[in-house]
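Quick note: numbers below take in every heavy atom, side chains included, and nothing from hydrogens, waters or symmetry partners. Not measured: the values here are computed from a predicted model. So that the names make sense, note that chain A is the first sequence line, chain B the second, and so on, each numbered from 1.
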There are 2 protein chains.
Amino acid sequence: MSSLPPRHPTARHSPTTQRGLKRREALLDAAQRLFLERGFSQVSVNDIVAEAGGSLSTLYRHFGNKEGLFQAMVERRSHHVYATLTGDDIDELPVEAALIRFGTSLLHKAMDDEALGIYREVVAESPRQPELARRFFDAGPGRMRRVVTDYLDRRIADGRLPHGDTAELAGMYLGMVLGEWHLIQLLQLEAPPSARAIDDRVERCAALFLSGLLARQP
Amino acid sequence: MSSLPPRHPTARHSPTTQRGLKRREALLDAAQRLFLERGFSQVSVNDIVAEAGGSLSTLYRHFGNKEGLFQAMVERRSHHVYATLTGDDIDELPVEAALIRFGTSLLHKAMDDEALGIYREVVAESPRQPELARRFFDAGPGRMRRVVTDYLDRRIADGRLPHGDTAELAGMYLGMVLGEWHLIQLLQLEAPPSARAIDDRVERCAALFLSGLLARQP
DNA sequence: AAGAAAGCGTAGCATACACTACACCTAGAA
DNA sequence: TTCTAGGTGTAGTGTATGCTACGCTTTCTT
């Protein structure tokens with residue numbers, strides 16, 4: 001049985017010096033590589049130190065414990081990822097083109113090896129680390145859904161789409177785009193789809209979704 | 001670092017006697033409960049024996065090692081689950097009603113605690129146990145997609161739906177139904193939706209999807 | 001230059017855990 | 001009743017691993 005987490009989560013320590021930041025980054029880099037490659041429970045803290053080149057003491061001073069390191073790694077990465085989600089001209093595009101842009105963006109992100117690794121680990125650890133789960137969702141899938149929801153709201157406001165539950169619709173559209181592909185990549189059952197295949201699928205999704213939306217008005 | 005799996009996967013042993021079968025089932029029951037509750041790496045074989053009441057030697061005679069037990073558990077459960085997927089009258093229903101039946105069936109299954117537990121564990125272990133991943137997919141999500149694909153094929157054959165890539169369409173529809181709900185349940189971010197909420201969502205999905213499908217013909 | 005803050009490195013503790021060995025018991029078929 | 005395959009129980013073994021201790025060195029500030 002695993003020991004309970006230490007009573008005092010050993011308050012994390014933010015380094016101030018250049019050298020400190022460098023060491024912290026190196027540790028996070030190593031953690032990222034190893035955790036995503038082998039999985040949280042398959043990597044020891046010693047492995048990470050060996051990879052990063054720092055020292056065990058430094059690791060514990062910065063992150064408190066193994067879970068703290070994991071969390072810091074996931075957080076850092078979440079910031080990197082969902083940066084350039086939409087161009088600024090998104091509202092000028094035809095609706096279908098905008099949907100296509102959202103879709104391909106999502107699919108490219110979701111098929112990425114590193115993103116799949118994070119997803120696997122977070123899903124696996126979520127029952128033990130609920131806060132991590134929430135942060136992952138908010139920074140990743142939740143954010144994406146929010147962007148699409150807002151977009152749909154604006155299109156309803158300017159009359160280019162009929163009224164509807166935009167949050168739900170956004171979830172449906174994004175789910176449709178991912179379809180079974182996401183799971184297939186998570187389980188590594190097939191080679192990842194080509195950029196071309198992604199574009200094709202998303203095009204058909206957008207067309208179907210938009211037709212459905214527009215046809216729905218009585 | 002964890003030791004490599006034993007070179008000879010210690011050929012599994014199928015018991016013949018009543019008593020043997022009973023013991024095997026008890027072990028699988030305990031494994032299922034504990035693995036799905038706490039996760040594969042958080043449960044020791046000793047925990048399982050303590051829960052099941054058998055003896056460690058018996059466990060190893062039957063399943064060879066810890067992964068063997070896990071695999072046997074997943075397999076046994078896969079058989080149980082996807083039994084009554086479609087009534088036999090599915091082809092007589094209006095298409096929309098059939099879609100709704102598929103959708104609610106999927107959503108009920110996917111929101112089930114035990115199913116979520118298996119999903120988490122399989123996703124987490126899949127990089128280390130690719131065969132398990134394939135079997136899970138084939139017995140679960142893959143099977144579901146196949147059923148819908150076949151249904152769509154029949155509707156195209158009898159002219160009630162326009163021509164299209166049925167496998168892709170099935171994946172899209174099922175993905176749309178799951179949407180973000182599946183992830184939210186996986187991460188335990190919200191309480192599970194009520195039966196009523198499930199029905200509502202699926203109804204809207206089916207309507208949107210079908211409208212889109214039918215509108216698509218030029 | 002001095003002193004503090006942070007980093008390094010090694011050594012080790014305590015424990016958990018997969019798996020094995022071995023001696024003994026039980027059930028049920030012949 | 002006896003024979004035997006399979007079940008039980010306990011006591012290990014080897015090792016991995018999270019985490020701490022501690023003494024030394026480097027870097028930065030003042």
Side-chain angles (χ1 to χ4, degrees), chain A residues 1-28 30-31 34-35 38-72 125 128-129, chain B residues 1-28 30-31 34-35 38-72 125 128-129:
Chain A
M1 194 62 22
S2 68
S3 57
L4 295 173
R7 268 294 41 87
H8 69 122
T10 318
R12 304 204 185 96
H13 175 85
S14 299
T16 51
T17 80
Q18 299 273 330
R19 188 149 140 272
L21 282 172
K22 223 175 150 185
R23 244 61 221 58
R24 187 190 164 87
E25 288 303 300
L27 284 167
L28 285 172
L34 294 180
F35 280 149
R38 302 193 213 153
F40 181 73
S41 59
Q42 312 298 312
V43 176
S44 76
V45 286
N46 292 302
D47 291 342
I48 290 166
V49 170
E51 175 93 1
S55 82
L56 197 50
S57 337
T58 308
L59 189 156
Y60 276 92
R61 184 146 11 84
H62 280 317
F63 305 105
N65 59 24
K66 194 184 175 189
E67 289 194 352
L69 174 59
F70 183 67
Q71 235 177 79
E125 287 302 310
R128 261 96 54 199
Q129 306 191 47
Chain B
M1 196 58 25
S2 69
S3 57
L4 294 173
R7 266 301 31 89
H8 69 121
T10 316
R12 303 199 189 103
H13 175 86
S14 299
T16 51
T17 78
Q18 299 273 331
R19 189 150 139 269
L21 282 172
K22 224 176 148 185
R23 245 61 220 55
R24 186 189 165 88
E25 287 304 300
L27 285 167
L28 285 172
L34 295 180
F35 280 150
R38 302 194 213 152
F40 180 74
S41 60
Q42 312 298 312
V43 176
S44 76
V45 286
N46 291 303
D47 292 341
I48 290 166
V49 170
E51 175 94 0
S55 82
L56 197 51
S57 335
T58 309
L59 188 156
Y60 276 92
R61 183 145 11 85
H62 281 318
F63 305 105
N65 59 25
K66 195 184 174 187
E67 290 194 352
L69 175 60
F70 183 67
Q71 234 177 81
E125 286 302 310
R128 262 97 53 200
Q129 305 191 48

Student: Using the closest heavy atom to pick a nucleotide of DNA chain D for each, name whichever of B:Ser55 or A:Lys66 lands nearer the 5' end.
Tutor: B:Ser55
Student: Roughly, in whole Å, what's the span from CG in A:Asn46 to P in D:dG18?
Tutor: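 So the two atoms are 7 Å apart, to the nearest Å.
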Student: What is the distance, to the nearest angstrom, from the CD atom on B:Gln42 to the P atom on C:dA18?
Tutor: 11 Å
Student: Between A:His62 and C:dG7, does any side-chain N or O lie under 4.0 Å from OP1 or OP2?
Tutor: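 Yes, A:His62 has a side-chain N/O under 4.0 Å of OP1/OP2 on C:dG7.
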Student: When you measure from the side-chain N and O atoms of A:Arg61 to the phosphate of C:dG7, is any distance below 4.0 Å, counting only OP1 and OP2?
Tutor: yes
Student: Find the distance B:Leu59:CG to D:dG6:P and express it as a whole number of Å.
Tutor: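 Whole-Å distance recorded here is 16 Å.
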Student: Please determine, for the side chain of B:Asn65, which listed nucleotide (C:dC19, D:dG7, C:dC8) has the closest atom?
Tutor: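 Per side-chain heavy atoms of B:Asn65, the pick is C:dC19.
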Student: What's the NZ-P distance between A:Lys22 and D:dT27, to the nearest Å?
Tutor: 11 Å
Student: Are A:Arg23 and C:dC8 close enough that a side-chain N or O sits under 4.0 Å from OP1 or OP2?
Tutor: yes
Student: Quick one: is the NZ or CZ of B:Lys66 closer than 6.0 Å to the six-membered ring centre of B:Phe35, and within 45° of its axis?
Tutor: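 Verdict for B:Phe35: no cation-pi partner in B:Lys66.
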Student: How long is the span from the OG atom in A:Ser41 to the CZ atom in A:Phe70, to the nearest 0.5 Å?
Tutor: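 If I round to the nearest 0.5 Å, the distance is 10.0 Å.
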Student: Check whether any side-chain heavy atom of A:Arg24 lies under 4.5 Å from a side-chain heavy atom of A:Leu28, and answer yes or no.
Tutor: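 With C-beta onward as the side chain, the pair touches.
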Student: Atom OH of A:Tyr60 and atom C1' of C:dG9: how far apart are they, to the nearest Å?
Tutor: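 About 15 Å, once rounded to whole Å.
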Student: Starting from C1' on D:dG12, measure out to CG on B:Leu56 and report it in whole angstrom.
Tutor: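 Nearest whole value for this atom pair: 12 Å.
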Student: To the nearest angstrom, how far is A:Leu69 atom CG from D:dC19 atom P?
Tutor: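 Checked: the CG to P distance equals 10 Å.
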Student: Can you check whether any acceptor in the base of D:dG9 is under 3.5 Å from a donor in the side chain of B:Ser57, or vice versa?
Tutor: yes
Student: For the residue pair A:Glu67 and A:Phe40, establish whether any side-chain heavy-atom pair is separated by less than 4.5 Å.
Tutor: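 Side-chain contact under 4.5 Å: yes.
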Student: Given C:dG7, C:dA18, D:dG18, identify the nucleotide with an atom nearest to the side chain of A:Ser44.
Tutor: D:dG18
Student: Can you tell me how far P of D:dG18 sits from CZ of A:Phe63, to the nearest Å?
Tutor: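 It works out to 15 Å between those atoms.
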Student: So, A:Lys22 and A:Glu25, do they make that salt bridge, N to O below 4.0 Å?
Tutor: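 Between A:Glu25 and A:Lys22 there is no salt bridge, as every charged N stays at least 4.0 Å from the carboxylate O atoms.
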